[in-house]
Each structure stands twice: as C-alpha cells, then as structure tokens.
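All remarks here apply to the structure that follows.
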Amino acid sequence: MEDAVKPGLSYRIKAPCKINLHLRVGNRRSDGYHDLESIFLRLALADTLWFTVVQGRTDRPDCDIRVRWAVPVPGGSGNSLGRPEENIVYKAVSLFRARTGYAETLRVRLYKRIPPGGGLGGGSSDGASALLALNTLAGTALSEGALLEMAACLGSDVPFFLAAGGSGPGSGGAAWVSGRGERICLLDAPRRIRVVLVNPGFSSGTPEAFALLDRVRRGKEGGEGPGPDALIAALGGAPASWPYGNDFLPVLMAEGTAAAKAAYRGILGDFAALGADFWGLSGTGATCFGIFTDKGTAERGVDFLKKRWNFVQLTFPLARSVKAVLK
Ligand code: C5P
C-alpha cells in the first residue's frame with residue numbers, strides 16, 4: 001500500500017554550505033568550547049531535504065529518514081551513513097517535537113551534495129533547514145529566537161545557517177560570528193565573486209582539530225590581528241587585499257597527518273598558481289577554497305584542479321533566504 005500523504009503537506013528545502021573566510025580561535029573555555037571570531041560566507045552548493053507528512057500507516061517509525069549521496073563518503077557506502085538517530089535532521093525533528101508537541105509521522109529524504117566532515121557545515125545546514133521546514137510544515141510560527149535556541153542545541157554552526165536562511169530583516173549571505181558560534185551579525189555577501197571548493201578526499205574531525213590547536217598553543221592564544229570593525233569593513237574591499245586567516249591551517253600544516261600536510265600544501269599552491277585572488281582552509285578542514293574575481297580564470301582553474309583532486313566545485317555566494325517550498 002502506498003503511503004497516504006496529506007495534500008499540501010510536503011515540503012522541499014535547500015541546505016546551503018558555508019566557508020569561513022576568516023577564523024580566529026580563542027583559548028579553551030571551562031565548558032570545553034572555544035570562543036571564535038569568524039566571517040562565514042554562505043554558498044549556493046546545497047543539500048536538498050524533502051519533508052512529507054505520512055498518514056494511514058502505524059508500522060512506520062515516526063521519522064523515516066533516508067540519505068542519498070552525490071559525493072563520495074569517506075568510510076561510507078550506499079545510500080546511508082550511520083544510524084538514522086545519529087543524523088542531525090533526525091535530532092532536529094526530535095528536538096522540535098519535544099519543544100512543540102508536533103506528533104505527525106514524517107518521511108524525510110536527504111540528498112547530500114556537500115562533502116561530509118569537510119568544514120563546509122553540511123550537517124549543520126541540514127539541521128537548520130530542518131527546523132525552518134518543520135516550523136512551516138507544523139504551522140507553529142515559532143519566533144526566530146526560539147528557533148535559534150534550538151539551533152544552538154544542535155551544534156555550534158547551526159545558528160548561523162538558521163539566521164542567514166531565515167526571512168527576517170537583514171538576512172544576508174555572510175556573517176560576523178562570535179561566542180561559541182551563537183552570536184551572529186549578518187553582513188552583505190561580496191558580489192561578483194566565484195568560489196572554487198576543493199576537498200582532498202578525506203574528512204577532518206572537528207573535536208580533534210580543536211584539541212590539536214590547544215596542544216600546540218599550550219594556553220597561549222594566537223597573535224594579535226585586525227579588530228572586528230576592520231575585518232568586517234574589509235569584506236567590501238577587493239579579495240586580493242583581505243586580511244583574513246584561519247588559525248587551524250598553520251597547526252594542521254605543521255602537526256597534521258602526512259596526507260593533510262601534502263594536500264593543503266598542494267591545493268593552496270594550486271590556487272596561488274591559478275591566479276586566485278584569495279585562498280584558505282574552511283573551518284577545521286579538509287576543504288580548501290579559492291576566491292576568484294574573474295569568471296574565466298575560475299573556470300580554467302576548475303578544469304585544472306579536477307585532474308588533480310577528488311572533489312572540485314565551482315560555486316558562488318548565496319544572498320537570498322532559504323524557504324521551505326510547498327511541493
Ligand atoms: O558544537 P559542535 O557539536 O559542532 O562542536 C563539535 C566540537 O568542536 C565540540 O565538541 C568542541 O570540541 C569543538 N568546538 C569548540 N568550540 C567551538 C565549536 C566547536 O571547541 N566554538
């Protein structure tokens with residue numbers, strides 16, 4: 001028997017990825033997290049999520065979730081990765097039910113185009129889009145504050161995607177992010193740039209990267225740099241003069257695995273040789289990005305990089321809000 005689907009209760013929503021143009025990390029806090037100062041940029045490369053309300057079946061789990069991958073999954077295979085309960089979308093559904101009492105049986109399909117464990121926030125974005133879709137699907141009209149509180153429970157990067165993807169005033173494609181990741185000031189995304197993403201084919205563990213940074217620093221924070229005002233103002237200037245950096249990059253290049261050292265040296269060297277205006281590492285890796293102001297240079301760069309690296313994607317900043325679309 002086919003599942004009976006309530007008319008009008010099936011939604012599709014995108015979950016875009018991000019890069020960190022800038023990422024400074026403070027010392028470890030007493031709660032185990034680190035204060036960050038970061039510039040996040042949302043990109044058009046996105047996962048897609050479908051949410052459908054299912055009626056008339058009692059033999060189904062209350063949230064039947066399946067994942068399909070468009071990208072190679074390190075250590076995984078087939079159409080799923082891990083147990084469904086470990087998926088952040090499943091966790092978002094459970095949290096939303098607990099807070100709102102929403103009890104409909106759901107079928108969720110997740111199509112992953114964002115490489116996992118790559119510093120692009122794919123899982124975090126899936127979690128944020130799930131909250132936005134559920135708020136529409138359930139007709140709960142929760143405030144952005146209530147959704148942000150739930151987002152912070154799901155992970156440090158989730159509030160950014162929630163805030164940038166909402167339709168509130170000032171929704172932008174970029175943000176100055178501080179605190180553990182929950183303090184967000186939306187910014188306009190740079191216009192007319194192309195972003196080339198290169199993932200070397202391995203994932204990089206976030207807790208492991210933070211622990212390595214702590215070990216290397218032994219309590220001494222990174223050096224002084226430009227303050228928030230100067231960093232934010234620089235986003236409106238030419239990428240070739242951006243004063244941005246990522247605290248994880250020198251540490252991973254000095255103390256990371258042999259594969260990580262070779263990959264980051266190779267990819268970032270390629271971006272320099274290919275005429276990128278700016279390049280760096282996103283989050284805790286392993287994805288590197290190059291910023292190009294010239295479309296042709298970016299396209300020629302992609303052709304070259306595809307012969308050398310596992311995952312190469314040409315994309316651009318996404319300025320518009322992410323809305324759940326009724327199917
Ligand atoms: O919040 P999330 O689950 O994404 O964080 C994963 C891990 O990354 C944390 O357990 C912590 O080790 C590290 N982290 C951190 N400081 C942050 C964000 C993440 O130390 N601001």
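Ligands are counted one by one from 1 in listed order, and the atoms in each one are counted from 1 as well. Because only heavy atoms are used, hydrogens play no part in the values below, and waters and symmetry mates are left out as well, while side chains stay in.
For atom 1 (O) of ligand 1, the nearest non-hydrogen atom from the set Gly127, Ala152, Ser156, Gly121 comes from Ser156. Of the candidates Arg28, His34, Arg180, it is His34 that places a heavy atom closest to atom 20 (O) of ligand 1.
Using a 4.0 Å cut-off to heavy atoms of Leu36, the atoms of ligand 1 that qualify are 21 (N).
Closest protein heavy atom to atom 6 (C) of ligand 1: Thr206 CG2, 4.2 Å. What sits closest to atom 3 (O) of ligand 1 on the protein, heavy atoms only, is Gly155 CA, 4.3 Å. The protein heavy-atom contact nearest to atom 9 (C) of ligand 1 is Tyr33 CE2, 3.8 Å. Ranking protein heavy atoms by distance to atom 14 (N) of ligand 1, first place goes to Phe210 CE1, 3.4 Å.
Following chains of ILVMFWY side-chain contacts shorter than 4.5 Å, one can reach Val216 starting from Leu249, so the two form part of one hydrophobic cluster.
Side-chain contact between Leu41 and Pro190: present, with at least one pair of heavy atoms (C-beta onward) separated by less than 4.5 Å. For the pair Leu132/Leu162, a side-chain contact is recorded, criterion being any heavy-atom separation below 4.5 Å from C-beta on.
Among residues two or more places apart in sequence or in another chain, the ring pair (Phe, Tyr, Trp, His ring centres under 6.0 Å) test is passed with Phe248 by Phe210.
Heavy-atom separations between Gly32 and ligand 1 include at least one value shorter than 4.0 Å.
Residue pairs meeting the ring pair (Phe, Tyr, Trp, His ring centres under 6.0 Å) criterion with at least one partner in residues 278-315, sequence neighbours excluded, are Trp242-Phe278.
The main-chain N or O of Ile114 is found under 3.5 Å from a side-chain atom of Asp47 such that the two form a donor-acceptor pair.
In terms of polar-atom proximity, defined here as any N/O pair under 3.5 Å, Asp157 makes no such contact with ligand 1.
The number of heavy atoms from other shown groups lying within 6.0 Å of NZ (Lys261) is above 12.
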